[in-house]
Amino acid sequence: MIDKINDILKAVRDFKASDHGEIEEFRIKYLGKKGLIPSLFQEFKSVPPHLKSEYGKLINDLKDEASEKLNSLRASLAGTTESTSFTDLTRPAKNMFTGCRHPVSVVRNEIIEIFQRLGFTISEGPEIEDDDHVFTKLNFPPEHPARDMQDTFYIKRQDREDCRPDDILLRTHTSSVQVRVMENQQPPIRTISPGRVFRNEAISARAHCIFHQVEGLYIDENVSFADLKQTLFYFAVEMFGKNTRIRLRPSYFPFTEPSAEMDVSCTICGGKGCNVCKYTGWLEILGCGMVDPNVLDYCGIDSKKYTGFAFGMGVERAAMLKYQINDLRLYFENDIRFLHQFRSAF
Ligand code: PHE
């Protein structure tokens, strides 16, 4: 029996396998139910008692060695396909999961890119602002409802006794950045300010207390409403497709005069009327107007010499129109099933 054990041990040690099939044959031959090693355990039953401990150890060692060999054979072929001789090297590799941008980033970058093509620079500013930059220099009268606690998050500074309780706030629009640009720079100014803004609103499918804007400003000699209209028309066509039409409706903003709201022809029905555009054929996309001369003067720009236009839009809203997203809250939930639908070069 000793010879038999040694023969098997030698065979186990010498065994070499080049594919999974051979490894499986090895397992069946030595370790399988009817394999050589289990049969040794059968024979062991008839070994005389005084030899049992010696033989038992030999057989157990053999079994351990064969099991280890099996594991190392398997490990050496791990990562190869079941049967290497039939591997199809032309088969496409498994898709690798790569991350994707959030739809708000995708659309914000797209908006930025369109205006950059028209020569607009990008300007950024603080999210925590003062009343001057968010309201006063933008010609908001002291009693204007947007200053109301309803709409604005005010921040009380603990460290400054002299600080008015309504002076420090979270910006409600990125027009504040444009005030900073005008204070520091003389025309020509052509800039957009993308960024996060904050409004004290109840969260619903159509409103959120945090959202993103891209606002634009162009100031130079002889800038006219026609320039505003053509710029925004170019933007609408680039953003929503070449058959897009625009319309401007009179509106009111303290910092522009005249002011307008711009609609684009419905991205779903093309203007015929559907439930997305509520059968009007139009979707509201942004606010705009000619910069009020008061604003220019407050910011140190000669309103007799220069004129300008400004516009501002919500990025979430633009993305909703572009991708037919019907609930604003989806942007904030980070549900992978939603986010994975936006794959883009931007
Ligand atoms: N600042 C305005 C808003 O937050 C948008 C706007 C910007 C309107 C510039 C007109 C001109 O809604």
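Note that the coordinates shown come from a computational prediction; the quantities given were computed from them, not determined experimentally. Counting starts at 1 for both ligands and their atoms, in listed order.
- A cation-pi arrangement is present between Arg245 and Trp282, with the terminal nitrogen or guanidinium carbon under 6.0 Å from the aromatic centre and inside a 45° cone about the axis.
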Which atom pairs, one a donor and one an acceptor, fall under 3.5 Å between side chains of residues 54-61 and the rest of the protein, sequence neighbours left out?
from  : atom 1 : to    : atom 2 : distance (Å)
Lys57 : NZ     : Asp61 : OD2    : 2.9
Asn60 : ND2    : Gly56 : O      : 3.4

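- A centroid separation of less than 6.0 Å is found between the aromatic rings of Phe255 and His173.
- Judged by a 6.0 Å distance limit and a 45° cone about the ring axis, Lys69 is not positioned over the six-membered ring of Phe15.
- Residues Gln186 and Ile301 share a closest heavy-atom pair of NE2-CG1, 4.1 Å.
- For ligand 1, the 4.0 Å heavy-atom shell takes in His173, Ser175, Arg199, Gln213, Glu215, Phe253, Phe255, Thr256, Gly287, Cys288, Ala310, Phe311, Gly312, ordered by chain and residue number.
- Clustering ILVMFWY residues whenever any of their side-chain heavy atoms sit less than 4.5 angstrom apart, transitively, puts Ile203 in a cluster other than the one holding Phe153.
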